[in-house]
Structures are given as C-alpha cells and as structure tokens.
Amino acid sequence: MSIVIRSAGEPDGPMSTTRRIRSALGPTARENRRELEKRHPTIFAGSRLGRATTAAVVVGLLGLLVFALWRLEFSFARIGAGLGQLVHFLTLMVPPSAGTWARLWLFLHSLGETVAIALLGTLAAAVLAFPFGFLAAKNVVAQRVLHFFTRRFLDTIRGVDTLIWALIWINVVGLGPFAGILAIMSSDFGAFGKLFSEAIEAVDRKPIEGIASTGGSRLAEIRFAILPQILPVIAGQVLYYIESNTRSATIIGIVGAGGIGMYLSEAIRTLEWQQVSLLVLMILVTVAVIDQISSRIRFAVIGERRIET
Amino acid sequence: MPTTLPRLPDDRLRPLTEAYASAVRASRLRFLLGLVVFAVVLVVAARFAEVDLVKMANRIGAIGDYVGRLAVFDSGDFVGRPVIVAPGEWMWGLSHWAKLIGDTLLIAYAGTLLGAVAAFFLSFMAARNLGRHPMVRIGVKRLLEFCRTVPELVFALIFVIAFGLGPLPGVLALAIHTAGALGKMFSEVVENIDMKPVEGTTATGGSWWQTVRFAVVPQVAANFASYALLRFEINVRGASVMGFVGAGGIGQDLIEAIRKFYYADVSAILVLIILTVMVIDLATERLRHHLTATEARA
C-alpha cells in the first residue's frame with residue numbers, strides 16, 4: 001500500500017507512475033495469488049449461475065453464426081480468392097483519377113446533386129412529419145385509437161428501406177434526382193414522426209398549464225408552450241439526419257434516383273478502379289464537411305447536448 | 001369551474017404589449033435573417049436536384065394510382081380484384097419468400113455479429129482513456145470512420161465483383177459497415193466508464209488486456225449488447241436491399257418484381273418485409289429493455 005501512496009505524489013506524470021506501480025506490485029500480487037484465492041474464494045470463483053448463462057449465450061450466438069455461415073454458403077477458399085482479388089483491385093485504385101476533366105466536372109455536379117437531395121429530402125420529411133408528431137403524441141391527442149394508428153402508420157413507413165422507396169418513386173415520377181428526394185422524404189418521414197412525437201411527449205407540463213390558466217386556447221398552448229420547447233430538439237434531429245442522409249443519398253443513384261451513386265456503381269461495374277477510388281474519396285470529404293457544418297449549426301442552436309436518434 | 005379573465009383596459013395593456021414587442025424584436029430579426037439564408041440554400045439545392053413542381057403536380061395522381069395498382073391482382077384468375085380477397089393467391093410464393101427473408105435475417109445476423117466482434121476489439125484501442133499510444137488510437141479512429149462513412153451498398157458492389165454473387169459479399173459488407181458504426185459507439189461507452197476499477201487492476205499489476213477484461217468489460221457489456229441489438233435492427237433493413245446489387249436475400253426478388261411491374265408480388269414482398277422488420281423491432285426492444293434493467297440492477 002505504501003508504494004502507491006508514495007509514488008502517486010511524484011511529479012513525473014501519471015503514466016510513468018502507473019508503470020512503476022505495475023512493475024513493483026505485479027510480481028508480489030502474482031506470487032500471493034494462491035493465498036489470495038484461498039482467502040477470498042467467492043470473489044475469484046464468481047457466481048456459477050452467471051458463468052453458465054454467459055457460456056450458454058456465447059454458445060448460442062456462435063451456433064447461430066455457424067448455421068448462418070453454412071446456410072449462406074461460406075467457404076474459406078472463396079474468401080481467400082476474393083481477398084486476393086480485392087488486393088489486386090486496391091493496387092489498381094491508386095492514384096485516384098477521373099480520366100478526363102469533363103468527367104471530373106460530371107462527378108462534381110452529381111456530388112452537388114447528392115447533397116441537394118439529402119437536404120431537400122430531409123427538410124420535406126421534417127415538414128410532413130411535423131403534424132404527425134403531434135397526432136402521435138399522447139399528451140396532445142388524447143385519443144387512444146387515433147394515436148395507435150398514427151404510430152403503426154409511421155412504423156410501416158419506417159420499415160421500408162430508402163432504396164426500396166427510391167425504386168417505387170422511380171416508377172411514379174421517373175428516373176432522376178427528384179425520385180431520390182421523394183425516397184429520402186418517405187423513409188425519414190416515419191423516423192421523424194416517431195422522434196418528434198417522443199420530443200413532444202417529453203415536454204414540461206408547466207408552460208402548458210400557464211397558458212391554459214391565462215385563458216389561452218388549445219392552439220395557443222401548442223404555439224407558446226410546446227413549440228418553444230421542442231423546436232431546438234427538432235432542429236438538432238433534422239440537422240443530424242441531413243448529415244446521415246448525405247451518406248444514404250450517395251447510394252440511391254445505384255437504382256437510378258440521382259446523385260453520385262450512378263457514377264459510382266457504373267465505375268465499379270466497368271472496373272474503372274481509379275474512378276472508384278476518386279468517387280469514394282469525394283464522398284468521404286463531402287460527408288466530413290457536412291458533418292462539420294451541421295455540428296457547428298447544431299451546437300449554435302441547442303448547445304452541446306447529445307441527440308437521441 | 002369555468003371563469004373568464006377580465007380584459008385589461010387599453011392604457012394598462014399598452015406598456016405590456018410594447019415591452020413584449022421590444023423583447024421579441026431582436027430574436028425575430030435574427031430568425032428572419034436565418035430564414036433568408038435558408039431560402040437561398042433551398043433554391044440553390046432545388047436547382048441542383050432538378051426539382052420540378054409542375055411535373056410534381058402533374059404526377060401527384062400517379063402516387064395514388066401506383067398504390068392502387070399494388071393493392072389489386074394484375075394477372076391470374078382474380079385479375080382486377082383487391083389482393084385481400086385471395087390471400088393464398090396473393091402470397092403464392094410464400095414458402096420461397098419466407099426462405100429468402102430467413103436468409104436476409106441470417107445475413108443481418110452474421111454481419112452484425114462479425115462486425116460487433118471487430119468493433120469490440122477496436123473500440124478499446126480507440127478509447128481515449130485507456131492509454132494506448134496516440135498513433136494507434138488515431139489510426140484506429142480513422143479506420144472506423146472510413147468503414148462507417150462508405151455506405152454498405154458500395155462495399156457490397158465491390159465485394160460482389162471480388163467474391164462473386166451471393167450472400168457472402170452482403171455479409172462482409174454489412175460486417176465492415178457495422179464494425180465502423182459500432183466501433184464509434186463502443187469507444188464512446190468506454191470513454192464514459194468509471195476509472196476506479198481500471199486504476200485498481202493497474203495497481204495490482206494487471207497487463208493492458210487484463211485491465212480491459214476485468215475492469216472495463218464488466219462495466220460496458222450490457223451497453224455494448226444493447227447497441228449491437230439496435231444495429232441488428234438497422235442491418236435487417238440494410239440486408240433487405242442487399243439483393244439489389246446481387247448480394248443475397250429478399251432484395252433480388254423485390255427488385256425483379258418492381259422492375260417487371262408485378263404489382264401484386266411487390267406488395268406481397270413489401271408486406272412480408274414490413275412485418276419482419278416490425279417483429280424484429282419489437283423483439284429487440286424487449287431484449288434491450290431487459291438489458292438496461294439488468295444493468296440498472298448491477
């Protein structure tokens with residue numbers, strides 16, 4: 001014990017202190033391990049039931065994994081061959097290049113399109129989901145049935161992936177970025193409806209009671225008591241989604257709904273690896289930039305608070 | 001007990017309203033300025049994304065039309081009648097689709113588990129408070145960032161070419177993306193632990209791995225499992241579209257049905273996917289509540 005106290009006060013930094021303690025105490029503790037075990041048998045043995053449960057869970061998880069890999073036709077030969085191919089592709093990827101300037105211009109334009117899709121899709125979803133958030137909130141609409149059906153409706157929409165929405169919208173409005181906006185809008189509409197209703201349910205009752213006590217109408221309660229409380233939360237969530245939708249928007253082009261995904265999938269399918277690496281780099285940089293901008297705005301709007309998503 | 005509040009006489013009301021107006025003026029101005037900037041960004045974005053409101057207005061009816069077509073048979077004995085009248089006919093491929101949905105779930109499961117295991121080991125190296133070398137930490141952080149920023153479908157596209165068609169590239173793509181996403185969350189959990197057990201094991205001479213095993217893992221295990229379950233939920237959705245690029249699961253049949261305009265099949269597969277996602281959501285939510293309850297007890 002005395003070693004710890006003495007060396008903790010020394011000025012040469014915590015890292016070297018811990019290292020010294022480790023080298024000084026380690027051997028002593030290991031020498032006496034058997035004796036320690038004898039003295040505190042319960043601590044060393046742990047609980048038998050807990051261990052059995054852990055073992056059972058691990059065996060179950062691994063068993064299911066083995067079954068999954070067998071069912072999905074995993075084979076080490078195939079993985080080995082594939083890895084060899086991947087390394088080969090990687091060597092072909094450097095240096096990243098678009099080939100021609102005209103192509104680079106096309107890439108940049110479609111990158112702008114991607115960001116625009118993410119922005120407009122997210123905003124449209126937020127605007128659409130706003131009223132539904134109120135409908136699905138228990139403390140605004142005290143109607144059990146309406147509340148239940150709104151929630152299930154939102155769940156249904158949320159269950160369909162963005163890419164599926166993109167395919168459906170392409171059938172409706174044709175190929176192009178507009179279908180992408182609608183796809184992002186549809187899949188986020190469900191998510192926003194749920195998040196907004198949760199934000200509304202978490203508001204403080206007191207301002208509502210205050211408005212009611214001065215004779216305010218139901219609408220005035222929403223405008224002056226609920227809105228000021230939820231707007232910062234909602235703004236934070238929308239900004240976060242713009243950020244994550246920039247990532248989703250890069251892939252909807254794969255099915256033809258606009259953005260950089262079209263060029264990316266084309267480059268991969270035609271094995272233009274230098275273009276692939278350039279496109280991936282462009283996506284990485286864009287996402288990082290959007291990330292920075294949106295977290296700046298977020299902190300300005302709501303302060304450094306964690307966002308529940 | 002209804003009461004009416006008396007309305008104040010005008011001369012007493014005026015100073016109050018004026019005070020209110022001057023108090024909100026500054027914030028209103030700032031709000032308006034923000035709105036103008038926002039409108040400009042919106043217009044530029046709309047130009048970029050070729051938003052055409054006229055076309056939208058013309059096509060708005062097509063949405064209802066499309067949904068309507070999804071709900072009726074387009075061929076066979078029941079052509080033109082709602083799909084509900086003959087569920088057996090509507091779900092004619094049920095056994096085939098159920099098998100594919102099972103595959104989709106297995107892809108999501110294998111991808112989540114493999115990714116979570118990778119994230120588990122990497123997260124301790126990326127955490128700021130466990131004293132790994134800064135170079136290692138930053139390297140691992142960048143790697144995780146790369147894995148989660150590149151969409152899983154892009155990985156899938158590349159892997160399909162490297163490994164061939166089938167569920168294998170789908171699993172690998174999901175695993176890599178999951179490792180990136182979970183690695184970040186895991187390392188944040190590790191950064192928020194109570195450091196006293198860590199000091200305790202270090203003080204008794206434990207190695208770095210022993211410290212992780214006996215001081216860190218017991219604190220974070222429940223949280224890790226909860227995040228992994230959440231990821232599984234997300235990955236089920238992700239796996240449902242892996243088939244779009246030939247990486248296994250139900251997506252292959254769905255994209256075919258959509259592209260070939262087999263409306264009744266589209267709706268049948270969509271209903272199956274939505275039901276599966278709902279069941280998985282409910283089940284994982286139960287499990288996560290259970291986990292947080294055990295964590296609270298511990």
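As the structure is a computational prediction, the values presented were derived from the model and not from experiment. Lettering follows sequence order; numbering is per chain, from 1.
- The CG atom of B:Leu153 sits 9.5 Å away from the OG atom of A:Ser265 when rounded to the nearest 0.5 Å.
- In terms of heavy-atom pairs under 4.5 Å with chain A, the best-connected choice from B:Asp281, B:Val171, B:Val150 is B:Val171.
- When heavy atoms are compared at a cutoff of 4.5 Å, B:Ala221 does not approach chain A at all.
- In this structure, chain B has heavy atoms under 4.5 Å from both the backbone and the side chain of A:Ile268.
- Contact of A:Leu271 with chain B is made through the side chain alone, with heavy-atom distances under 4.5 Å.
- Using non-hydrogen atoms only and a strict 4.5 Å limit, the part of residues 253-261 of chain A facing chain B consists of A:Ile254, A:Val255.
- Both the backbone and the side chain of B:Ile258 come within less than 4.5 Å of a heavy atom of chain A.
- Heavy atoms of A:Arg71 lying under 4.5 Å from chain B belong exclusively to its side chain.
- Most heavy-atom pairs under 4.5 Å with chain B, from the set A:Thr246, A:Asn171, A:Ile117, A:Val287: that is A:Asn171.
- Listed by first and then second residue, the side-chain hydrogen bond (donor to acceptor under 3.5 Å, both in side chains) pairs involving residues 146-159 of chain B are B:Glu152-B:His177 (not counting sequence neighbours).
- In this structure, the portions of A:Val172 lying under 4.5 Å from any heavy atom of chain B include both its backbone and its side chain.
- When A:Leu264, A:Leu64, A:Leu69 are compared by the number of non-hydrogen pairs under 4.5 Å with chain B, A:Leu64 comes out ahead.
- For chain B, the nearby parts of A:Glu113 are the backbone and the side chain; heavy atoms of each come within less than 4.5 Å.
- Contacts of B:Ile158 with chain A are made by both backbone and side-chain atoms, with heavy-atom separations under 4.5 Å.
- Looking at B:Val160, neither its backbone nor its side chain comes within 4.5 Å of chain A, counting heavy atoms on both sides.
- Contacts of A:Val173 with chain B are made by both backbone and side-chain atoms, with heavy-atom separations under 4.5 Å.
- Both the backbone and the side chain of B:Leu42 come within less than 4.5 Å of a heavy atom of chain A.
- Heavy-atom pairs under 4.5 Å with chain B were tallied for A:Asp155, A:Val160, A:Ile283, A:Ile164; the largest tally goes to A:Ile164.
- Considering every non-hydrogen atom in both A:Ala68 and B:Leu106, the closest pair reads CB-CD2, 3.8 Å.
- At a 4.5 Å heavy-atom cutoff, A:Leu279 makes no contact with chain B through either its backbone or its side chain.
- Distance check: B:Leu172 CG to A:Ile79 CD1 gives 6.0 Å after rounding to the nearest 0.5 Å.
- For a residue to count as touching a neighbouring chain, one of its non-hydrogen atoms must lie under 4.5 Å from one of that chain's; by this rule B:Leu275 does not touch chain A.
- Annotation: B:Gln210, atom CD; neighbour count of heavy atoms from other residues, nucleotides and ligands within 6.0 Å is above 12.
- Highest contact tally toward chain A, considering only B:Ile255, B:Val241, B:Thr276, B:Leu254, is held by B:Val241 [criterion: heavy-atom pairs under 4.5 Å].
- If you measure heavy-atom distances from A:Phe178 to chain B, the contacts under 4.5 Å come from both the backbone and the side chain.
- Side-chain contact between A:Ile251 and B:Phe244 is absent, with no heavy-atom pair separated by less than 4.5 Å.
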Walk me through whether A:Ile168 and B:Leu270 qualify under side-chain contact (heavy atoms from CB on, under 4.5 Å). CA-CA 11 Å; A:Ile168 293 176; B:Leu270 277 182; 3.9 Å; yes
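- Per-residue counts of heavy-atom pairs under 4.5 Å with chain B were compared for A:Val276, A:Asp291, A:Leu123; the largest is that of A:Leu123.
- With contacts defined as side-chain heavy-atom distances shorter than 4.5 Å, the pair A:Arg247/B:Val154 does not qualify.
- When heavy atoms are compared at a cutoff of 4.5 Å, A:Leu65 approaches chain B by way of both its backbone and its side chain.
- Only the side chain of A:Leu120 comes within contact range of chain B, judged by heavy atoms closer than 4.5 Å.
- Residue A:Leu119 touches chain B through its side chain alone, counting heavy-atom pairs closer than 4.5 Å.
- Residue B:Arg47 does not touch chain A at all, counting heavy-atom pairs closer than 4.5 Å.
- Of the two parts of A:Leu72, the backbone and the side chain both hold a non-hydrogen atom closer than 4.5 Å to a non-hydrogen atom of chain B.
- Listed for the A:Arg269 side chain is no donor-acceptor partner under 3.5 Å among the backbone atoms of B:Leu157.
- Contact annotation: the side chain of A:Thr156 approaches that of B:Met278 to within less than 4.5 Å [non-hydrogen atoms, C-beta and beyond].
- Between B:Glu145 atom CD and A:Leu284 atom CG the span is 8.5 Å, to the nearest 0.5 Å.
- Residue A:His109 touches chain B through both its backbone and its side chain, counting heavy-atom pairs closer than 4.5 Å.
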Pair B:Ile161, A:Gln85 - check side-chain contact (heavy atoms from CB on, under 4.5 Å), show working. CA-CA 9 Å; B:Ile161 293 177; A:Gln85 283 269 31; over 6 Å; no
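- The part of B:Phe38 that comes within reach of chain A is its side chain, from C-beta onward, which places non-hydrogen atoms under 4.5 angstrom from that chain.
- Between the side chain of B:Tyr66 and the backbone N or O of A:Trp169 there is no donor-acceptor pair closer than 3.5 Å.
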